[in-house]
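First up is the structure itself, then whatever we jot down about it.
Since we're looking at a predicted model, the values are computed, not measured. Residue numbers start at 1 and run along the sequence shown.
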Amino acid sequence: MNKTNLKTIAMIPARYAASRFPGKLMQDLEGKSVILRTYEAAVSTSLFSEVYVVTDSDIIFKEITAHGGKAIMSIKEHDCGSDRIAEAVENMDIDIVVNVQGDEPFTERESLEKVLGVFQGDDADKIDLASLMTPMNDWDDIVNPNSVKVIVDKDDYALYFSRAPIPYPRDKEISHTYYKHKGIYAFRKQAILDFYRLPMRTLEASEKIECIRYLEYGKNIKMIETHHEGVEIDTPEDLEKARNLINKQNLLNITSTVTSKVKESTHKNFPMVPRVVFGKGSFNQLEQILSPERKNGAPFIYLIDDVFEKNKTFIEDRINLLGNDNIVYISTKEEPKTSQVDQLVSKFKSAYSYTPSGIIGIGGGSIMDLAKAVAIMMNNTGSATEYQGWDLVDNKAVYHVGIPTISGTGAEVSRTTVLTGPEKKLGINSDFTPFDQVILDPELIKEVPKDQWFYTGMDCYIHCIESLNGTYLNAFSQSYGEKAYDLCKEIFLEKTLDKEEADAKLMMASWHGGMSIAYSQVGVAHAMSYGLAYVLGTKHGIGNCIVFDKLGEYYPEGVALFKKMKEVHNIELPTGICTDVTEEQLDTMASVALGLVPLWENALGENWQEKMNADTLKAIYRTL
């Protein structure tokens with residue numbers, strides 16, 4: 001038979017009375033039923049001469065035909081989808097039939113092309129059917145009986161399918177990639193007819209996995225690896241995930257819509273850090289805190305500021321590494337970059353078979369941001385640059401813990417991780433960014449150098465000033481901002497606290513300052529500091545201080561108090577950092593700063609563009 005002229009159709013078996021989620025195929029999925037969306041997805045691939053839904057349900061039959069689709073009513077009762085398809089195709093003139101699962105409305109062309117492609121390969125003559133598999137990284141998914149696992153030989157022919165983890169990980173040190181079976185099959189017509197005529201045997205009956213019957217009778221199943229996940233709708237929770245995904249796709253596909261309507265009031269529903277432990281020596285509880293989160297064979301990865309690499313007794317020797325846990329020391333000479341995040345994520349995905357049990361960040365704001373970003377990108381595809389902005393993250397981050405060794409940045413509580421990308425410096429601001437656990441141990445900040453202690457403390461102070469003077473201010477952000485502001489004055493002006501008390505209160509000021517901007521925003525100093533950092537690499541804390549010192553026009557009382565704090569602590573800020581910058585560099589600084597629209601709206605109001613422009617910003621930058 002000529003391989004290039006194989007007649008191919010798609011069949012979508014559809015049973016109304018699903019055991020786990022009855023009626024799921026008729027559930028509304030943003031204006032269309034699940035089964036109709038699946039049918040339309042299969043048709044839209046343009047890979048088939050015909051697409052049919054084959055069903056025992058009048059409801060499903062009418063749903064498809066009423067929308068102009070093609071459906072076939074089963075004559076007999078059947079135990080599985082393959083039997084239902086075999087009955088339907090017995091008298092059809094076809095070569096290949098593809099079984100598309102009715103509960104997969106995100107079926108896409110690339111995966112189907114891969115399945116069909118095997119019938120054009122060198123070993124096509126020995127293939128009875130082909131199917132898809134995707135790598136599994138999450139141990140919870142691996143042990144989930146609803147996820148069917150498959151093992152293959154060296155040529156990717158299936159050896160066995162199971163609801164249990166196969167192979168069983170008796171030796172935890174052996175790295176093995178588990179594969180989930182994806183419910184799309186491409187059969188030769190004769191193979192599916194043979195299946196229909198052969199009785200079920202005990203292995204299939206035990207696992208309730210129909211493709212085991214093919215293996216029991218000596219059929220060859222070629223498996224093709226894919227990384228397309230989609231959403232299989234097995235539960236009401238899956239249906240909600242599918243709705244969220246469609247909503248996001250709809251938002252991304254909008255080109256230009258102008259609607260005249262009354263502006264509605266919206267209230268932010270931001271997550272907060274769910275668990276926090278505070279107190280001297282609380283770092284020693286780390287093992288106890290992490291233990292319930294450890295997944296079989298999946299490591300904890302510790303990202304630690306390399307300032308502690310030469311003093312391992314302070315941090316490393318107090319960490320109980322188990323299995324393939326790993327410590328990675330990170331230089332903080334430069335602020336986190338999207339490229340750095342991508343490199344770390346690629347390294348970890350290559351090194352480990354499983355997604356890590358957790359990412360633990362130990363250090364200052366840069367390490368906090370890096371840990372949050374890596375945790376997000378371990379469960380999201382592409383580059384970190386694609387997620388710089390507001391609410392762009394699809395999938396929940398892996399479990400992540402923040403342990404600050406410098407206080408003031410508020411990064412331990414923030415829903416933002418600030419990264420410098422190739423075109424901008426902008427945070428990944430999402431519901432999945434905040435840490436799952438924070439450990440606040442004042443002992444960890446006792447050896448911070450004086451200037452650095454001041455700069456990061458002033459980051460907290462500037463958070464307060466920008467929040468409390470912003471147009472976004474509300475009772476929530478005000479209550480946190482005022483508390484942080486009072487703590488900063490006590491710590492940096494009154495000088496009535498010993499070092500241990502000051503460190504403990506600075507941790508609380510940092511937390512409250514971060515909470516204040518979680519429901520509000522920062523302002524002019526932060527926007528301009530981002531521009532400095534992008535062009536000159538100026539660290540965030542000192543950059544804020546250098547800029548804020550020149551912003552008396554915008555924050556007169558706050559800047560006056562800041563100058564007093566400098567005097568009390570004998571701090572001399574660097575000067576002349578912009579003396580030699582080019583006009584092009586100034587343009588870039590201004591562009592980066594002006595791109596942070598929410599910061600300017602908070603600082604200057606909705607009509608901020610009437611009050612601020614690139615020339616004004618460049619004039620301020622020239623004074624630095």
Shortest non-hydrogen contact between A593 and L617, atoms and distance: CB-CD1, 3.9 Å
Is any side-chain heavy atom of L532 less than 4.5 Å from a side-chain heavy atom of L624? yes
K450 NZ: over 12 foreign heavy atoms closer than 6.0 Å: yes
Short side-chain donor-acceptor distance under 3.5 Å, S516 and S467: yes
Excluding sequence neighbours, so at least two apart, what forms salt bridge (Lys or Arg N to Asp or Glu O under 4.0 Å) with E334? K337
Indicate whether the side chain of Y302 and that of E316 have a donor and an acceptor atom separated by less than 3.5 Å. no
Can you check whether G523's main-chain N or O pairs, donor with acceptor, with N602's side chain at less than 3.5 Å? no
Side chain of D498, backbone of E501: donor and acceptor closer than 3.5 Å? yes
If only side-chain N and O atoms count, and only distance matters, is there a donor-acceptor pair under 3.5 Å linking S366 with D369? no
Is there a side-chain contact between L493 and V568 in this structure, where contact means two heavy atoms from C-beta onward sitting under 4.5 Å apart? yes
With rounding to the nearest 0.5 Å, note down the distance linking OG in S479 to NZ in K483. 11.5 Å
What I want to find out is whether E494 reaches K489 closely enough, with some N-O distance under 4.0 Å, to be called a salt bridge. no
With distance as the sole test, does S282 use its side chain to make a donor-acceptor pair with the main-chain N or O of L440 at under 3.5 Å? yes
Donor-acceptor contact below 3.5 Å, side chain Y455 vs main chain N544: no
I'd like to know whether the aromatic ring centres of F492 and Y461 sit less than 6.0 Å apart in this structure. no
Identify the heavy atoms of G543 and S529 that sit nearest to each other, and give their distance. C-OG, 3.6 Å
The residue among T313, N284, L286 that forms side chain to side chain contact (heavy atoms under 4.5 Å, CB included) with R318 is N284
Got I360 and I403 here, is their nearest side-chain heavy-atom distance under 4.5 Å? yes
E567/K564 salt bridge by N-O under 4.0 Å criterion: no
D317 atom CG, over 12 foreign heavy atoms within 6.0 Å: yes
Kindly determine whether M612 and L594 satisfy side-chain contact (heavy atoms from CB on, under 4.5 Å), including the steps that lead there. CA-CA 9 Å; M612 180 57 65; L594 291 171; 3.9 Å; yes
Salt-bridge present (D436, R275; N to O < 4.0 Å): no
Determine whether the side chains of D431 and T433 contain a donor N or O and an acceptor N or O closer than 3.5 Å. no
Are E335 and H540 close enough that a side-chain donor and a side-chain acceptor fall under 3.5 Å? no
If you take all heavy atoms of V341 and A373, which pair is closest and at what distance? CG2-CB, 3.7 Å
Just say parallel, tilted or perpendicular for the rings of Y530 and H526, cut-offs at 30° and 60°. perpendicular
For Y399 against S357, the heavy-atom pair lying closest together: CB-O, 3.4 Å
Ignoring hydrogens and geometry, is there a side-chain-to-backbone donor-acceptor pair from K611 to G605 under 3.5 Å? no
Do D441 and K280 sit within salt-bridge range, that is, some charged N less than 4.0 Å from a carboxylate O? no
Counting distance only, does the side-chain N/O of D342 pair as donor-acceptor with the main-chain N or O of A384 below 3.5 Å? yes
Between atom CG of L561 and atom CD1 of I465, what is the distance when rounded to the nearest 0.5 Å? 7.0 Å
Testing the 3.5 Å rule here: is there a donor-acceptor pair between the side chains of N429 and T416? yes
Walk me through whether D459 and T456 qualify under side-chain hydrogen bond (donor to acceptor under 3.5 Å, both in side chains). CA-CA 5 Å; D459 189 16; T456 53; over 6 Å; no
Taking everything shown except E500 itself, do over 12 heavy atoms lie less than 6.0 Å from its CD? no
Straight-line distance of I462 CD1 to I517 CD1, nearest 0.5 Å: 11.5 Å
Side chain H400, main chain V398, donor-acceptor under 3.5 Å: yes
Are any non-hydrogen side-chain atoms of L444 and I315 less than 4.5 angstrom apart? yes
pair L551-M528: side-chain heavy atoms closer than 4.5 Å: yes
Apply salt bridge (Lys or Arg N to Asp or Glu O under 4.0 Å) to the pair D549 and K566, showing each step before the final yes or no. CA-CA 10 Å; D549 198 48; K566 281 196 308 173; 3.1 Å; yes
I'd like to check Y555 versus L468 (side-chain heavy atoms, cut-off strictly below 4.5 Å). Are they in contact? no
If I take atom CD from residue E490 and atom OH from residue Y485, how far apart are they, to the nearest 0.5 angstrom? 13.5 Å
Would you check, one step at a time, whether the test side-chain contact (heavy atoms from CB on, under 4.5 Å) holds for V393 with N380? CA-CA 8 Å; V393 181; N380 288 275; 3.6 Å; yes
Nearest-0.5 Å distance that lies between atom CG in N326 and atom CZ in F300: 13.5 Å
Whether the side chain of N474 engages the backbone of Y519 through a donor-acceptor N/O pair (distance < 3.5 Å, no angle test) should be reported. yes
Heavy-atom pair of closest approach, residues F314 and K446: CE1-CE, 4.1 Å
Inspect the contact between D587 and K618 and indicate whether a charged nitrogen and a carboxylate oxygen are less than 4.0 angstrom apart. yes
Please report the C-alpha distance between L604 and T471 in whole Å, then the side-chain angles of each, then the deciding distance to 0.1 Å, and finally whether the side-chain contact (heavy atoms from CB on, under 4.5 Å) criterion is met. CA-CA 7 Å; L604 303 175; T471 63; over 6 Å; no
Let me see the working for E447 and T405 under side-chain contact (heavy atoms from CB on, under 4.5 Å), right down to the final yes or no. CA-CA 9 Å; E447 295 181 6; T405 60; over 6 Å; no
Working to the nearest 0.5 Å, report the span between OH of Y329 and CD1 of I304. 4.5 Å
Salt bridge or not between R294 and E287? Use side-chain N to carboxylate O under 4.0 Å. no
If you take all heavy atoms of H512 and A484, which pair is closest and at what distance? CB-CB, 3.8 Å
Between Y534 and P422 (side chain of the first, backbone of the second, donor and acceptor by atom type, cut-off under 3.5 Å), is there such a pair? yes
For atom CD of E583, decide whether the heavy atoms of other residues, nucleotides or ligands shown that lie under 6.0 angstrom number more than 12. yes
Could you tell me if H569 and D451 have a donor-acceptor pair between their side chains, going purely by distance under 3.5 Å? no
Side-chain donor or acceptor of S383 paired with backbone N/O of T385 under 3.5 Å: yes
Modelled atom types, side-chain donor and acceptor of S510 and E412, under 3.5 Å: yes
